[in-house]
Amino acid sequence: MHGNEVVGRETLLPLIEVLCKNYKSNTFITKLVNETRIFIMPSMNPDGHEIAHEGEIEQDGILRGRNDLVHDR
């Protein structure tokens, strides 16, 4: 997941709902929650999310994103 990808954030909401609604009523979910350390991180890079624009991957002629994808022109 990259900081500017909203999909990751949106996917966490149904996961949280499933875990909360099924806890104690579903043995698998209950065991999963009780025996697994679950970290829910809605944003790994809040700055990247803030500056992202839908469908835009270039800015000022430079490909933005991970450091290994930035190319100076």
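Just so it is clear, the values below take in all heavy atoms, side chains as well, and ignore hydrogens, waters and symmetry mates. Sequence positions, counted from 1, serve as the residue numbers for this chain.
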Pairs meeting criterion salt bridge (charged side-chain N to carboxylate O under 4.0 Å, His left out) with involvement of residues 29-42, two or more places apart = none

Do Ile29 and Ile38 share a hydrophobic cluster, counting only Ile, Leu, Val, Met, Phe, Trp and Tyr and linking them when any side-chain heavy atoms are less than 4.5 Å apart?
-> yes

Set of side-chain contact (heavy atoms from CB on, under 4.5 Å) partners for Leu15, sequence neighbours left out = Leu12, Leu19

So which pairs with a foot in residues 17-28 pass side-chain hydrogen bond (donor to acceptor under 3.5 Å, both in side chains), sequence neighbours left out?
-> Glu17-Lys21, Tyr23-Asn34

Going only through I, L, V, M, F, W and Y residues with side-chain contacts under 4.5 Å, is there a path from Met41 to Leu13?
-> no

